[in-house]
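Have a look at this one.
These numbers come from a predicted model, not from an experiment. Start at 1 and go down the list; that is how both ligands and their atoms are numbered. As a basis for the values below, the full set of heavy atoms in this structure was taken, side chains included, without hydrogen atoms, waters or symmetry mates.
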Amino acid sequence: MSEEASDLDEVARKLFSGPIAFLKSAPSLNFLPAPAAPEVAFAGRSNVGKSSLLNKLTNRRDLARTSNTPGRTQELNFFDIGEPLRMRLVDMPGYGFAKAPKDVAKKWRFLVNDYLRGRQALKRALVLVDSRHGIKDIDREIMKMLDDAAVSYHLVLTKADKIKATELDEVTAQTAAEARKRPAAHPEIIATSSETGLGIDQLRRAVIEAVV
Ligand code: GTP
Ligand code: MG
């Protein structure tokens, strides 16, 4: 491992084993916290594993609430991460939740889009994609919105424990090919599992790189 990567791992180890606390929940933009620290946000389809990955990243079991049922996270949830760096992680409602009442789904979409497009403190979005399905049109919509708003994002494959290694290689290559065509996408694809911990160190480095 390069010296830089091991330095980042050291910062990551300290950061994610130090103080981490729920800050606040914002049901609409009026309730956003003052932008006092750089933010990294978890975006992706409903049930893709955003809240689970946030928990795994921070080594906490129930920091963000997760569920089998899509539509669990309904607000923007801000988490304060303490030392040695000050930053925030933001868990968001998923998009594309077919069973949500139309006006509710619309409200979430506006909330997520307005936050992602307009937040100065947002340093990077993590766009989570289920490794069993790959990028869907609804993900492309979010990616286009981020490209248009020049908000940098990192594509993260989730639930990698659910597919074979050869399938994971394939979906990673396909996702990387799409990322290369996207102006605001990071070229690296991070394959993760909140079950096994696959890719978590790599994801921590990406988060820290985004805020330093
Ligand atoms: P919403 O808040 O509804 O948008 O969902 P979310 O994207 O936050 O998903 P959540 O973390 O609540 O996870 C949804 C379901 O997928 C839960 O039953 C999790 O246990 C499961 N899950 C999440 N990540 C993984 C993973 O890496 N592997 C496996 N096998 N299951 C996972
Ligand atoms: Mg959630």
Side-chain angles (χ1 to χ4, degrees), residues 16 20 22-28 31 39-79 88-116 122 124-143 145-146 153-165 167-169 171-172 175 189-204 206-207:
F16 295 112
I20 298 178
F22 170 73
L23 173 66
K24 80 180 285 189
S25 231
S28 74
F31 293 90
E39 294 167 0
V40 172
F42 289 69
R45 292 169 68 207
S46 201
N47 208 46
V48 70
K50 297 174 294 296
S51 302
S52 301
L53 198 59
L54 192 152
N55 287 338
K56 191 74 184 173
L57 189 80
T58 54
N59 269 325
R60 310 300 202 270
R61 273 181 79 81
D62 299 309
L63 190 64
R65 268 184 259 155
T66 66
S67 164
N68 264 322
T69 319
R72 167 73 258 191
T73 310
Q74 313 204 344
E75 301 174 333
L76 302 179
N77 291 314
F78 291 80
F79 299 92
R88 283 176 185 157
L89 294 174
V90 188
D91 191 19
M92 303 203 292
Y95 43 84
F97 175 36
K99 285 202 188 122
K102 268 220 173 80
D103 52 335
V104 173
K106 211 164 157 186
K107 186 186 143 200
W108 292 351
R109 198 164 82 220
F110 280 120
L111 177 64
V112 168
N113 284 6
D114 288 349
Y115 166 80
L116 288 173
L122 178 66
R124 189 166 301 172
L126 304 173
V127 177
L128 275 50
V129 172
D130 192 316
S131 58
R132 294 169 297 178
H133 310 308
I135 298 177
K136 296 278 182 200
D137 281 346
I138 194 155
D139 302 310
R140 293 187 183 99
E141 273 175 41
I142 284 271
M143 289 160 68
M145 189 269 290
L146 294 169
Y153 57 98
H154 216 130
L155 290 163
V156 177
L157 296 170
T158 63
K159 307 192 186 184
D161 57 284
K162 295 214 177 205
I163 58 171
K164 293 194 201 119
E167 292 169 332
L168 184 61
D169 287 347
V171 70
T172 304
T175 310
I189 307 303
I190 307 180
T192 65
S193 165
S194 298
E195 285 288 318
T196 67
L198 176 82
I200 299 302
D201 286 342
Q202 197 184 352
L203 185 64
R204 287 186 180 143
V207 165

Carboxylate-amine/guanidinium contact R140 D137, below 4.0 Å: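 Yes, R140 and D137 are salt-bridged.
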
Top protein contact for atom 16 (O) of ligand 1, by heavy-atom distance: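 Among all protein heavy atoms, the one nearest atom 16 (O) of ligand 1 is K159 NZ, 3.0 Å.
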
Between K50 (side chain) and G44 (backbone), is there a donor-acceptor pair under 3.5 Å? yes

Between T192 and ligand 1, is there a nitrogen or oxygen pair with a distance under 3.5 Å? no

Looking only at distances, can you tell me whether any N or O atom of T66, backbone or side chain, sits closer than 3.5 Å to an N or O atom of ligand 1? no

Side chain, backbone, both or neither: which applies to V48 and ligand 1 if a contact is any heavy-atom pair less than 4.0 Å apart?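 V48 to ligand 1: contacts from backbone and side chain alike.
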
Atom CZ of residue position R65 - does it have more than 12 heavy atoms of other residues, nucleotides or ligands inside 6.0 Å? no

Does ligand 1 have a heavy atom under 4.0 Å from the side chain of S46, from its backbone, from both, or from neither? both

Within a radius of less than 6.0 Å around NZ of K24, do more than 12 heavy atoms belonging to other residues, nucleotides or ligands occur?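 Yes, enclosed.
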
Looking at atom 2 (O) of ligand 1, what's its closest protein heavy atom, distance included? T73 OG1, 2.8 Å

Using a 6.0 Å cut-off, check whether atom CZ of F22 has over 12 heavy atoms from anything other than its own residue. yes

Measure the distance from atom 29 (C) of ligand 1 to every protein heavy atom, then report the residue, atom name and distance (to 0.1 Å) of the closest one. E195 CG, 3.4 Å

Please state whether the separation between the Mg ion (ligand 2) and some N/O/S atom of S51 is under 2.8 Å? yes

Does G44 have a heavy atom less than 4.0 Å from any atom of ligand 1?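 Not so, G44 does not reach ligand 1.
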
Are the side chains of L203 and K56 in touch, meaning some heavy atoms are under 4.5 Å apart? no

What protein heavy atom sits nearest atom 14 (C) of ligand 1, and how far away is it? N47 OD1, 3.0 Å

For G94, atoms of ligand 1 separated by under 4.0 Å from a heavy atom: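 By the 4.0 Å cutoff, the relevant atoms are 4 (O).
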
Using a 4.0 Å cut-off to any heavy atom of S52, which atoms of ligand 1 qualify?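 Answer, ordered by atom number: 10 (P), 11 (O), 13 (O), 19 (C), 23 (C), 24 (N).
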
Could you grab the distance from atom CG of N113 to atom OH of Y95, nearest 0.5 Å is fine? 9.5 Å

Heavy-atom contact check, 4.0 Å cutoff: does N68 meet ligand 1?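 Yes; N68 lies near enough to ligand 1 that a heavy-atom distance drops under 4.0 Å.
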
By number and element, which atoms of ligand 1 are closer than 4.0 Å to a non-hydrogen atom of K50?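 Within the 4.0 Å cut-off of K50, ligand 1 contributes 1 (P), 4 (O), 5 (O), 6 (P), 7 (O), 8 (O), 9 (O), 11 (O).
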
Metal proximity, T73 vs the Mg ion (ligand 2), N/O/S cut-off 2.8 Å: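 Yes - counting backbone and side chain alike, T73 has an N, O or S atom under 2.8 Å.
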
Should the heavy atoms of other residues, nucleotides or ligands under 6.0 Å from CZ of R60 be counted, would the total exceed 12?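 Yes - once you tally the heavy atoms of other residues, nucleotides and ligands closer than 6.0 Å, there are more than 12.
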
Passing option when S131 is tested against T158, D161, L157, I189 for side-chain contact (heavy atoms from CB on, under 4.5 Å):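 The residue from T158, D161, L157, I189 that satisfies side-chain contact (heavy atoms from CB on, under 4.5 Å) with S131 turns out to be L157.
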
Under 4.0 Å from any heavy atom of D161, which atoms of ligand 1 are there? 26 (C), 27 (O), 28 (N), 29 (C), 30 (N)

Basic-acidic side-chain contact under 4.0 Å: D139, K136: no

Give the numbers and elements of all ligand 1 atoms closer than 4.0 Å to a heavy atom of P70.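 Under 4.0 Å from P70, ligand 1 has these atoms: 3 (O).
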
Taking heavy atoms and a distance under 4.0 Å, where does S193 meet ligand 1: side chain, backbone, both or neither? both

With a 4.5 Å heavy-atom cut-off, do M92 and L111 have their side chains touching? no

If you apply the rule salt bridge (charged side-chain N to carboxylate O under 4.0 Å, His left out), what do you find for K106 with D103, and how did you get there? CA-CA 5 Å; K106 211 164 157 186; D103 52 335; over 6 Å; no

Just jot down the ligand 1 atoms closer than 4.0 angstrom to any heavy atom of G49, in number order.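 Listed by number with element, the hits are 6 (P), 7 (O), 9 (O), 10 (P), 11 (O), 13 (O), 23 (C).
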
Atoms of ligand 1 close to G71 [distance to a heavy atom under 4.0 angstrom, numbered from 1]: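 Those qualifying, in numeric order: 3 (O).
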
Any idea which atoms of ligand 1 are less than 4.0 Å away from a heavy-atom of S67? 12 (O), 13 (O), 14 (C), 15 (C), 17 (C), 18 (O)

Please check: side-chain N/O of Q202 versus main-chain N/O of G199, any donor-acceptor pairing under 3.5 Å?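 No; zero donor-acceptor contacts below 3.5 Å.
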
Atom 27 (O) of ligand 1: which protein heavy atom is closest, and how many Å away?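 Among all protein heavy atoms, the one nearest atom 27 (O) of ligand 1 is S194 N, 2.8 Å.
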
Protein contact to atom 31 (N) of ligand 1 [nearest heavy atom, distance to 0.1 Å]: K162 CE, 4.0 Å

Can you tell me how far apart NE2 (H154) and CD1 (I190) are? Round to the nearest 0.5 Å. 3.5 Å

